[in-house]
Protein chains: 2
Amino acid sequence: MLFSKSCIYGLRASLYLASNQNGEYISIGKLSDKLDISFHFLTKILQQLTANDLLESLKGPNGGVRLSKPGKQITLLDIVLAIDGDELFQECVLGLPGCGMEKPCPFHEIWLHKRDDIKRMLETRSLAEMAKEGKEGHLRITPDGKYKWD
Amino acid sequence: MLFSKSCIYGLRASLYLASNQNGEYISIGKLSDKLDISFHFLTKILQQLTANDLLESLKGPNGGVRLSKPGKQITLLDIVLAIDGDELFQECVLGLPGCGMEKPCPFHEIWLHKRDDIKRMLETRSLAEMAKEGKEGHLRITPDGKYKWD
DNA sequence: AATATTTAAGAGTATTTTGTCTTATTTATA
DNA sequence: TATAAATAAGACAAAATACTCTTAAATATT
């Protein structure tokens, strides 16, 4: 599994938020309902994104969360790093500590390129861009595909 | 994490075995000692490889495990598939069931290439080849680097 | 000011992965 | 044939991940 479940949920919610970019807060209840993700679990995940200044939140009636800046300025990598950290882009395929140029494992050289490739893919794509593609291509971000990018 | 711990241990042990290719059985006790992997845990993992006909085992004195065929004929992918299955090469980045050409998620298209790339990398490299590179380059397959490809 | 609605925080539970231990089974060797 | 050395198998334990529940804090609305 490339990303943790938490990270996946965070990405899906972020894409939702990016597709509803009119500045208003969206409640986590609505998000969890639309995306079929447990409310409390999603709440915690979004708290991490808020703590990382990717989202901003408001308590109380009509409160919720929204992107802290235009979706064009938040990359997929931002979300991944905020939730899963940079382990995926740091760690050794064989799990060896301190695997690097100095004392590499047999996988080091070949994996380096792949993982940088993945990182670049996430880095060069914004939430806005992904959400736009999702909307235009009628792509899924829910298991049952019920979310229609209203 | 790309591979599970089990898979990592299986790969490291397989590389060890491929570097000691003179047909004799090597005890799991020796393997676990050299590679710093828990004996019982490693035993179970190697049983999976044996069950998949990648290794063959012999009980009793001078028993142990060895590659079931020349290391040149076993790919890294063989080991990965035997332990982790093909999930990594099948599953959706967003964890959506049945994500494919018909009803893709926004990541589908871009991830497809990356994962095929990784698969090809594992498919085109044999244990023998990797072990040879490891030996010649004095590369690590243990956390402390104490294994010296005797 | 009171109330209802929402996120924040943290304790608690369940599931999966990782690792340990014990007992059985096989087999080479003396 | 007895013994010791090894894998096989399965129960058990610990740790990490995933998920749930309860209570607190903030805030818009009446």
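Letters A, B, ... are given to chains in the order of the sequence lines, protein chains preceding strands, and every chain is numbered from 1. Remember, it's a predicted structure, so these values are computed and weren't measured experimentally.
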Integer-rounded Å distance: dA9(D) P and Ile45(B) CD1: 15 Å
Please determine if a side-chain N or O atom of Ser57(A) lies less than 4.0 Å away from the OP1 or OP2 oxygen of dA8(C). yes
Between dT22(C) atom P and Phe41(B) atom CZ, what is the distance in whole Å? 19 Å
According to a strict under-4.0 Å criterion, is Asn62(A) in side-chain N/O contact with OP1 or OP2 of dT29(D)? yes
Most 5' of Leu46(B) and Phe3(A) on DNA chain D, judged by nearest nucleotide: Leu46(B)
Check: dC21(C) base within 3.5 Å donor-acceptor of His40(B) side chain: yes
Name the closest nucleotide to the Ser4(A) side chain, picking from dT18(C), dA18(D), dA9(D). dA18(D)
Tell me, yes or no, whether the heavy-atom count around Lys132(B) atom NZ, taken from other residues, nucleotides or ligands under 6.0 Å, exceeds 12. no
Atom pair distance, as rounded to whole Å: CG in Leu55(B) and C1' in dA8(D): 14 Å
According to a strict under-4.0 Å criterion, is Lys5(B) in side-chain N/O contact with OP1 or OP2 of dG19(C)? yes
Quiz item: Lys44(B) side-chain donor-acceptor pair to dT20(C) base, under 3.5 Å: yes
From NZ of Lys59(A) across to P of dT27(D) the rounded distance in Å is 7 Å
Are Asp33(B) and Lys30(B) close enough for a salt bridge, meaning some N to O gap below 4.0 Å? no
Any ion pair linking Arg120(B) and Asp117(B) (charged N to carboxylate O, less than 4.0 Å)? yes
Starting at atom CG of Leu31(B), determine the distance to atom P of dA6(D), rounded to an integer number of angstrom. 12 Å
Using OP1 and OP2 only, check whether a side-chain N or O of Ser38(A) sits under 4.0 Å from dA18(D). no
Which whole-number value in Å describes the distance from Leu42(B) CG to dA9(D) P? 16 Å
So, Tyr9(A) versus Ser14(A): side-chain donor-acceptor pair below 3.5 Å or not? no
Just how far, in rounded Å, is C1' of dA11(C) from CD of Gln47(A)? 14 Å
Rounded to whole Å, CZ of Phe39(B) lies from C1' of dT7(D) at a distance of 7 Å
Row check, Tyr25(B) ring normal vs Arg66(B) NZ/CZ: under 6.0 Å, within 45°: yes
Nearest-nucleotide wise, let me know which of Gly63(B) and Leu58(A) is further upstream toward the 5' end of DNA chain D. Gly63(B)
Think Tyr9(A) has a side-chain N or O under 4.0 angstrom from the OP1 or OP2 of dC19(D)? yes
